[in-house]
Each structure stands twice: as structure tokens, then as C-alpha cells.
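Below is one structure, written out as C-alpha cells; the observations come after it.
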2 protein chains.
Amino acid sequence: MSDRVVPPAARRRRRPTKQGVVLSEELIVETAMRLLGEHGAEALSVRRLGRALGADPSALYRYFRDTDELMLAIADELIGRTLRAWHPGGDWVADLRDLGLRMHAGALAQPQAAVLSSYRVTGRAYEIQAVETALGVLRGAGFPDAEAVRIYHAFVDQALAFGALDSANKALPKAAREAEAAVWRATYARLPADTHPHIHATARHLVTDMRHSSYPAALDLFLTAAAARLAQLTAAEDAGPV
Amino acid sequence: MSDRVVPPAARRRRRPTKQGVVLSEELIVETAMRLLGEHGAEALSVRRLGRALGADPSALYRYFRDTDELMLAIADELIGRTLRAWHPGGDWVADLRDLGLRMHAGALAQPQAAVLSSYRVTGRAYEIQAVETALGVLRGAGFPDAEAVRIYHAFVDQALAFGALDSANKALPKAAREAEAAVWRATYARLPADTHPHIHATARHLVTDMRHSSYPAALDLFLTAAAARLAQLTAAEDAGPV
DNA sequence: TTAACAGGTCAACGGTGTTGTCATAAGGTG
DNA sequence: CACCTTATGACAACACCGTTGACCTGTTAA
């Protein structure tokens with residue numbers, strides 16, 4: 001039964017469900033995102049989504065082949081939102097910092113979509129647009145092509161990787177997340193100085209620091225190093241022959 | 001029934017299962033990792049694990065409170081393997097680079113386990129040992145406590161995040177991975193210069209560069225920035241009052 | 001030798017994604 | 001307007017999943 005899903009363009013009849021709701025791809029994605037936002041990652045299941053929509057769970061399979069396809073639709077919408085909100089201003093370091101933070105925040109806004117989509121190359125419109133723009137920022141800053149690609153690659157993977165890591169953590173059941181916070185307070189903060197001198201000495205910092213994402217710090221280190229690299233490259237160019 | 005799990009130290013009787021297997025925490029973790037490696041993440045369930053062990057699924061609950069605790073045990077074993085192979089030599093930059101590359105390689109060696117465990121704080125023995133050692137390297141290098149924790153946090157999260165990202169990609173079904181490579185060759189490399197000038201200009205580099213992990217590059221940028229930060233800190237200290 | 005009990009087994013519960021089948025309302029056609 | 005086709009929603013069932021309470025039995029300490 002592989003022809004269960006009808007391509008969106010071919011949809012014409014919109015029979016309402018028993019409860020009077022007229023389904024559509026958009027409505028389903030929208031409702032799924034609302035469920036995720038309101039009740040967390042574990043609240044999203046085909047059955048719950050069906051209930052929230054006022055439709056039989058199996059009706060969703062007329063719109064998405066499986067849950068994975070639904071996740072990708074959510075992820076795609078996410079990329080679009082991030083990109084639409086970003087407006088480069090001319091300072092390449094500031095622009096990249098802004099883009100990175102927006103990608104990270106966008107991932108955290110829909111953690112479980114981010115977890116599933118971060119490591120995929122879609123080749124779709126929004127992604128291409130993002131690559132083009134980011135590369136433009138780096139080349140405009142003065143990076144030679146090969147270097148621009150290297151920096152771009154590291155930058156985007158870092159944003160995606162941290163986005164996924166922090167999203168995965170955020171998507172954890174509440175009990176597990178609280179247990180992790182407790183580990184820092186109850187286990188690490190109580191290790192004695194004689195067996196674990198370094199943890200003991202920094203325990204206070206560990207408890208406060210490990211609660212938050214390290215992405216902003218990592219991003220700033222990244223941008224610092226990238227700027228240094230650019231300075232180094234242009235200096236070599238100025239000194240050398242044409 | 002919260003006393004279902006008996007602490008490992010208190011275990012004494014080891015009744016074999018119906019099929020003659022003598023269970024243990026180690027055997028369960030080992031078997032779980034083998035299942036992950038052989039049949040992918042979706043092959044790991046309590047019931048399948050029980051079958052693979054030759055025991056009733058519910059027997060596992062004598063060793064782990066729930067599946068989450070089992071995941072943490074797997075994560076810790078992964079850390080342990082990496083840690084045992086790492087021997088710091090005194091140069092903090094070289095040591096951290098080596099540790100980062102080993103963590104990344106360790107994740108790729110067990111991609112399925114890495115994907116599931118990278119974002120967990122276990123509070124178990126190996127993890128504690130890893131935190132202690134890495135903090136020691138940074139404090140030994142001269143970072144003040146708060147800064148050592150910040151750098152440590154960014155470093156370890158970066159290694160885990162890239163490890164998970166690249167693992168997830170590696171664990172993709174073969175067809176999907178090939179499709180992704182094709183996207184760079186067939187879609188990105190063919191975009192015309194007038195609509196996508198930056199992608200067009202760097203297409204050659206994109207095709208070759210995006211195939212590989214960007215972690216080594218990101219790690220080197222990270223270490224460069226960290227070293228610069230240390231120099232800056234010690235310079236300020238030398239200049240200022242005692 | 002025996003009594004306690006750790007630990008393996010069984011059966012059941014309420015959840016999950018998914019699919020084969022059926023019924024029916026929407027929409028085109030005459 | 002009536003008729004026919006068919007898209008699409010509903011239903012029921014399947015095979016899983018994690019988890020738990022009750023039971024049973026081999027191991028071990030006394």
C-alpha cells in the first residue's frame with residue numbers, strides 16, 4: 001500500500017473528519033509543532049496527534065508515508081523560519097554569530113525535529129539559500145575559496161551539532177533531566193579533594209556552568225580563531241608577491 | 001517495587017537463566033553494544049536484548065531500573081574505552097587535540113551507541129575520571145578555575161556533538177548516504193553563477209570538503225582560540241597587580 | 001540441613017506505529 | 001438533477017514496545 005499518500009497538488013476532496021475538522025498537510029504540521037511546544041517531545045505520537053486534530057490516527061497516513069516524513073516536514077518548516085528571521089548586516093563576524101545563535105535557538109524551539117534532521121542534507125530550497133548566503137559572507141570577508149568552504153563547513157556543522165546535542169538533552173523526559181542536574185550537585189560537587197582535586201576545586205563553577213549550553217562560548221572561540229586565520233591569510237598575501 | 005535493583009556490590013547469588021546464561025551488568029552492556037553495532041539503534045529493545053541474552057526481558061530490571069539507566073551504562077563504557085587509550089604527555093594543546101580526536105573516533109567506532117548516549121550525563125566512574133583528568137590538563141596549563149570549566153565544557157560538548165553528528169550520518173542507511181553525496185554533486189555543483197555565485201565559485205571545494213567530517217578543522221580552530229585566550233589571561237595577570 | 005531471599009519467569013497492562021478493509025461524501029459528468 | 005468514481009476518513013487488528021506484580025526456585029549462609 002505505497003499509494004496511500006496522495007501528492008499535495010492532486011488533493012481535491014476535503015472531506016471533514018467525524019468531528020468536523022478539515023485536514024491538510026499544513027494543519028497537521030502546525031498541530032504537531034503546537035503539541036511539541038505545549039507538552040514536550042513525548043507528547044507527539046500519531047495517536048495523540050490524531051486526537052488533537054479530531055481525526056482518526058490512521059487518517060494522517062493519507063498525508064505522510066510515516067512519522068519520519070512528518071518529522072522532516074516539521075524540520076523543513078523550521079529551517080525556513082530561521083532563515084527568514086536572519087538579516088546579515090555587513091560585519092561578517094557579527095553576522096555569523098547571529099546566524100549561529102539563531103540556528104541554535106531554532107533547533108531548541110523544536111528539539112526533536114532538530115535531533116532527527118540535523119545530520120541530513122536535504123538539497124532543498126531553504127538549505128541552498130542558507131549555503132549561498134553564508135558562503136557569500138565568508139568570501140565577502142576576504143577568505144579565499146578553499147578556506148571559505150572549510151570555515152563554512154566547520155561553522156555550519158558546529159551549529160547543527162550543538163543544536164542537536166542541546167536539543168536531545170532538552171527533549172529528555174523531565175525526570176531524566178532533573179536527574180542530570182542532580183548528578184552535578186550531588187555527585188560531582190561532593191567529591192573529596194584528595195581523590196579528585198580538580199573537580200573539587202572547580203565544583204562551584206561546574207554546577208552553574210554545566211547547566212547551560214556551551215554553544216555561545218564555543219561559537220565565540222570559533223569566530224575568534226576564524227578572524228585570526230583571516231588576518232594571517234591577508235598578512236601573508238600583502239607580504240608575498242601579487 | 002523500587003528495590004528491584006540490587007547494587008552491584010551486594011550481588012552474590014548468580015542463578016543461571018533457563019537457557020543457562022549467567023547474567024551480569026557487564027554482560028548486559030556488552031550484549032547491548034553488540035546488538036547496536038550489528039543491527040542498528042532500532043534493534044535495541046528490552047525484549048530483543050533479553051532474547052539475545054537468553055533471558056526473560058524482565059530479568060534485566062534486576063540490573064537496571066529502566067532503559068535509561070542501561071543507556072547511561074553504555075555511555076559510560078564508551079567513555080571508558082576512549083579514556084583507557086588516551087595518555088596525556090604534558091603539552092596541553094597536543095593532549096586536548098589527541099583526546100578530542102580519540103573521543104570522535106570512539107564515537108564513530110560505535111555510532112549507534114554514540115548517537116544515543118552523547119548527550120547524557122552519567123555521573124558514573126569513567127565519566128568522573130574523564131572530567132577530573134581534562135580539568136587537570138586545563139588548570140595545569142594555567143587557566144583560572146572559572147575559565148577552565150568554561151573551556152572544558154565547550155571542549156567536551158564540541159567533541160560529543162561532532163561525534164554524535166558524524167555518527168548519525170554514518171549510521172544512515174547506505175542508500176540515504178549515497179543520496180546525500182549525490183546532492184552535492186548533482187544539485188549544488190550545477191547551480192548557475194548568476195543565481196548562486198558563491199556556491200558556483202566554490203562548487204569544486206564543496207564537493208570534496210563536505211564529504212568529510214569538519215571536526216578536525218573545528219577542533220584546531222577551538223584550540224587556537226583557547227591558546228590565544230590563555231595568552232591574553234596570563235598577560236593581563238603579569239601586567240596587573242599581584 | 002534448612003530457611004531466607006536474590007533473582008529468573010510469567011502474564012498482564014497500557015502504550016506505540018502501521019496497515020487492510022470498509023463506508024461514504026465530494027466532485028465530475030451527462 | 002442523478003449517477004459513478006474515488007479520495008479519504010474510520011475501524012479493527014497486528015506486532016511491537018517498556019514496565020510491573022506475583023510467583024517460583026536455586027544458592028547461600030547459618
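What you see is a predicted model, and the numbers here were worked out from it, not measured in a lab. The figures that follow rest on heavy atoms only: side chains count, while hydrogens, waters and symmetry mates do not. In the text below, chain A, chain B and the rest are named by the order of the sequence lines, each starting its count at 1.
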Practice problem: State yes or no: are the ring centers of B:Tyr215 and B:His104 separated by less than 6.0 Å? | Solution: yes
Length of the line joining [X]:[atom1] and [N]:[atom2], which is rounded to integer Å:
{"X": "B:Tyr63", "N": "D:dT19", "atom1": "OH", "atom2": "C1'", "value": "18 Å"}
{"X": "A:Arg65", "N": "C:dG17", "atom1": "CZ", "atom2": "C1'", "value": "15 Å"}
{"X": "A:Met71", "N": "C:dT16", "atom1": "CE", "atom2": "P", "value": "16 Å"}
{"X": "B:Leu27", "N": "C:dG8", "atom1": "CG", "atom2": "C1'", "value": "15 Å"}
{"X": "B:Arg48", "N": "C:dT16", "atom1": "CZ", "atom2": "C1'", "value": "14 Å"}
{"X": "A:Asp56", "N": "D:dA13", "atom1": "CG", "atom2": "C1'", "value": "12 Å"}
{"X": "B:Glu69", "N": "D:dG18", "atom1": "CD", "atom2": "P", "value": "15 Å"}
{"X": "A:Leu60", "N": "C:dT19", "atom1": "CG", "atom2": "P", "value": "13 Å"}

Exercise. Please examine the side chains of B:Phe64 and B:Val29, heavy atoms only from C-beta on, and report whether any two atoms are closer than 4.5 Å.
Key: yes
Self-check item: Pairwise side-chain contact, B:Glu132 with A:Pro197, heavy-atom cut-off 4.5 Å (strictly under)
Solution: yes
Where the side chain of [X] is concerned, which of [options] is the nearest nucleotide?
{"X": "A:Arg47", "options": "D:dC11, C:dG8, D:dA13", "value": "D:dA13"}
{"X": "A:Val46", "options": "D:dC11, C:dT21, C:dG17", "value": "C:dG17"}
{"X": "B:Thr17", "options": "C:dT18, D:dG18, C:dG8", "value": "C:dG8"}
{"X": "A:Tyr61", "options": "D:dT19, C:dT18, D:dC11", "value": "C:dT18"}
{"X": "A:Ser45", "options": "D:dA22, C:dT16, D:dA10", "value": "C:dT16"}

Quiz prompt | 5' priority, DNA chain D, between A:Leu23 and B:Ser58 [closest heavy atom] | solution = A:Leu23
Practice problem: Give B:Ala59 one of three labels, base, sugar-phosphate or nothing, depending on what nucleic acid heavy atoms sit under 4.0 Å from its own. | Solution: base
Quiz item: Contact class for A:Pro16 (heavy atom, under 4.0 Å): base, sugar-phosphate, or nothing?
Solution: sugar-phosphate
Quiz item: Given the rule in the side-chain hydrogen bond (donor to acceptor under 3.5 Å, both in side chains) test, do A:Arg84 and A:Tyr126 qualify, once you have shown the distances and angles that lead to the verdict?
Solution: CA-CA 9 Å; A:Arg84 278 195 296 274; A:Tyr126 282 137; 2.7 Å; yes
Quiz item: Does the side chain of B:Lys18 get closer than 4.0 angstrom to OP1 or OP2 of C:dC10 through an N or O atom?
Solution: yes
Quiz item: Just to confirm, is there a sub-4.0 Å distance from OP1 or OP2 of D:dT19 to any side-chain nitrogen or oxygen of B:Thr67?
Solution: yes
Quiz prompt | Steps toward salt bridge (charged side-chain N to carboxylate O under 4.0 Å, His left out) verdict (A:Asp220, A:Arg97) | solution = CA-CA 8 Å; A:Asp220 280 339; A:Arg97 174 182 288 119; 2.7 Å; yes
Quiz prompt | Position toward the 5' end of DNA chain C (nearest nucleotide), A:Pro57 or B:Val22 | solution = B:Val22
